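Here the structure comes first, spelled out in structure tokens, and everything after it is commentary.
Heads up: numbering here begins at 1 and tracks the sequence. Everything numeric here is computed off the predicted structure, so don't read it as measured data.
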Amino acid sequence: MSADDAAPESAWAKLQKLFRTTAFKLSLAYLVIFAACAVMALGYVAWNARRVLDDQIVSTIDAEINGLSEQYNAGGLRRLINVVERRSREPGASLYLVTTAAGEHVVGNVAEVPAAILSRPGQVETAYARGSTDGEVHRAIVRIFTLPGGFRLLVGRDTEERDRLRGVIGRAFGSSLAVVVLLGVVGGWFVASRVLARVDAMTVTTRAIMAGNLGDRLRLAGNGDELDRLALNLNRMLERIGELMRGLREVSDNIAHDLKTPLTRLRNRAEAALAGSDSPEALRAALEGVIEESDGLIRVFNALLMIARLEADDRGAALAPLDLGPVVRGVGELYEALAEEQGVSLTVSAPDGLGVTGNRELIGQALANLIDNAIKYGRQGGGTIAVAAARAGDAIRLSVADSGPGIPEAERGRVLDRFVRLEAARSAPGFGLGLSLVNAVVRLHHGSLALEDNAPGLRVVVTLPARVEET
């Protein structure tokens with residue numbers, strides 16, 4: 001751990017780290033989106049409320065005008081002036097004004113209005129001064145009419161209530177937006193801090209793993225969220241890496257142990273040839289022994305290289321549709337003579353039509369390894385070796401069964417590793433790579449390998465996915 005990692009973070013550094021988290025940025029983005037939606041919603045409410053109030057004011061003005069029209073029709077201008085004078089003294093937001101053609105005030109509760117307004121018949125919103133001479137300018141929606149003789153009639157309604165409501169909505173809008181922003185920031189900080197705490201815990205664990213403690217695992221919160229799924233997959237990856245590391249150590253140990261003997265024999269034969277007789281026959285025999293030992297070592301390293309390539313899936317592009325039946329029968333024919341020589345009866349049952357997607361050479365090599373092992377170890381039982389392939393639902397099952405001593409159940413998982421040989425098989429030739437190669441081939445073909453009891457003997461079952469025929 002570096003000195004920077006060991007030094008405690010300042011509060012500002014922690015806050016900056018919090019602001020840079022994806023969770024905080026997402027919370028901020030959601031806040032902006034929500035605030036924009038809230039602004040549009042409140043803006044629509046304010047606009048709609050103003051429109052409703054304006055319509056209500058206009059409706060009130062229309063009602064006032066209808067009433068004054070009836071009075072005018074009934075008693076003429078004088079009766080209209082009397083009605084306007086009486087209504088002007090009543091409290092309320094209604095506005096009335098009657099002026100001469102020159103704009104002189106006749107009657108009404110409006111003290112002053114722009115002269116240009118009186119010469120513009122129709123509805124308009126304007127500023128005006130009330131008759132109370134309070135000096136305050138108000139706003140109103142008014143309608144102007146021209147009466148006989150040039151008189152002007154103004155009927156309107158003060159908009160103070162509308163403006164007051166608009167102010168209330170504006171203040172509510174501002175306070176609501178402030179609350180939304182505050183809650184969004186606090187919520188974003190809360191969510192981001194929780195996520196950051198879990199990420200920091202993962203960081204501490206990964207640093208410990210990088211430092212060499214491969215047994216550490218990321219802790220799960222148990223709620224099944226995306227961080228839990230990520231931690232679970234990382235733990236599985238660490239388990240796999242640990243298995244590979246253990247396998248690498250075991251392979252290194254096994255290579256050092258199992259290759260030491262042939263290398264020693266190789267050196268001893270070469271040394272004996274140098275120190276022994278000078279006859280060509282002796283030297284030739286020594287060289288043949290050296291070549292034989294060298295060929296065995298080359299086969300070991302070729303097998304290791306093939307297993308490594310298979311586990312790396314370098315041959316995945318070579319998979320093609322094939323019928324497993326002819327492949328099984330062909331490999332069986334190659335080993336019939338060897339089985340007969342060893343006193344073992346070899347039977348093969350593999351019909352046509354067992355379609356799989358695979359590599360013919362690799363499957364043949366894997367099957368050859370299984371039959372070779374069965375002959376090598378199964379001959380001790382003096383019985384038979386049965387090779388069978390058949391369809392089982394959506395899979396193809398390939399089995400090789402012998403009547404030999406078999407493999408104890410506790411050891412069946414271990415013999416699939418490289419260079420693993422049981423004590424009973426130490427006397428037989430080989431390096432313990434056959435089943436490892438078969439297992440690598442099966443994994444490349446997305447299949448499964450199982451070792452079962454044949455009572456007596458061993459049954460190796462390879463299950464491969466059946467090829468889906470195109471229609």
Side-chain angles (χ1 to χ4, degrees), residues 36 38-174 176-177:
V39 167
M40 290 188 290
L42 291 175
Y44 174 76
V45 170
W47 172 82
N48 201 45
R50 174 168 179 166
R51 183 179 62 81
V52 170
L53 289 175
D54 286 347
D55 291 344
Q56 184 177 0
I57 290 174
V58 171
S59 298
T60 303
I61 293 174
D62 290 340
E64 294 280 356
I65 291 174
N66 290 333
L68 292 176
S69 297
E70 293 176 358
Q71 298 294 331
Y72 180 78
N73 293 331
L77 181 60
R78 180 166 297 278
R79 184 167 183 174
L80 176 63
I81 292 175
N82 291 335
V83 172
V84 169
E85 183 178 8
R86 185 175 68 253
R87 292 187 178 182
S88 297
R89 291 193 294 268
E90 296 176 356
S94 296
L95 303 175
Y96 308 95
L97 177 64
V98 177
T99 67
T100 63
E104 297 174 350
H105 185 278
V106 177
V107 66
N109 55 3
V110 176
E112 183 178 354
V113 71
I117 297 298
L118 294 176
S119 60
R120 188 192 310 165
Q123 180 176 305
V124 67
E125 182 172 345
T126 182
Y128 77 97
R130 300 179 71 86
S132 58
T133 65
D134 55 3
E136 185 178 356
V137 177
H138 300 269
R139 301 287 299 179
I141 296 177
V142 299
R143 186 171 293 179
I144 310 298
F145 295 91
T146 302
L147 302 176
F151 287 89
R152 301 285 194 276
L153 171 63
L154 180 150
V155 180
R157 188 83 176 176
D158 195 290
T159 60
E160 182 179 2
E161 293 180 359
R162 185 198 67 183
D163 297 337
R164 187 183 300 116
L165 179 60
R166 186 167 57 184
V168 171
I169 294 176
R171 288 190 296 272
F173 174 80
S176 299
L177 189 60

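- Separating the CG atom in D163 from the CZ atom in R50 is a distance of 7.0 Å, to the nearest 0.5 Å.
- Of all heavy-atom pairs spanning V107 and V84, the tightest one is CG1-CG1, 3.8 Å.
- Of all non-hydrogen atoms in G108 and S88, the two that sit nearest each other are CA-OG, 3.3 Å.
- Side-chain contact between V142 and Y128: absent, with no pair of heavy atoms (C-beta onward) separated by less than 4.5 Å.
- For the atom pair D158 CG and R139 CZ, the distance stands at 10.5 Å (nearest 0.5 Å).
- Across all non-hydrogen atoms, the minimal contact from P114 to A127 is CD-O, 3.2 Å.
- Contact annotation: the side chain of L68 approaches that of R87 to within less than 4.5 Å [non-hydrogen atoms, C-beta and beyond].
- Under the 4.5 Å side-chain criterion, counting only non-hydrogen atoms from C-beta, D62 is in contact with R143.
- Using a 4.5 Å heavy-atom cutoff, the side chains of R152 and T146 are in contact.
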Distance-only criterion, 3.5 Å: show the donor-acceptor pairs between side-chain atoms of residues 39-49 and protein atoms not counting sequence neighbours.
unit_1 : atom_1 : unit_2 : atom_2 : d
N48    : OD1    : R51    : NE     : 3.4
N48    : OD1    : R51    : NH2    : 2.6

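- Note that the CG atom of L80 and the CZ atom of F151 stand 10.5 Å from one another [nearest 0.5 Å].
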Test side chain to side chain contact (heavy atoms under 4.5 Å, CB included) applied to V110 and H105, step by step: CA-CA 9 Å; V110 176; H105 185 278; 5.9 Å; no
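- Heavy atoms from other residues, nucleotides or ligands lying under 6.0 Å from CD of E125 number more than 12.
- Closest non-hydrogen pair, L77 versus Y72, comes out as N-CE1, 3.7 Å.
- Considering OG1 of T159 and CD1 of I57, their distance stands at 6.0 Å, rounded to 0.5 Å.
- Applying the salt bridge (Lys or Arg N to Asp or Glu O under 4.0 Å) criterion to E112, with sequence neighbours excluded, gives no partner residue.
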Would you tabulate the side-chain donor-acceptor contacts of residues 93-101 under 3.5 Å, counting partners in other chains and residues two or more places apart, or write 'none'?
unit_1 : atom_1 : unit_2 : atom_2 : d
S94    : OG     : E64    : OE2    : 3.4
S94    : OG     : R157   : NH1    : 2.7
Y96    : OH     : E64    : OE1    : 2.6
Y96    : OH     : E64    : OE2    : 3.0
T100   : OG1    : A102   : N      : 3.4
T100   : OG1    : E104   : N      : 3.1

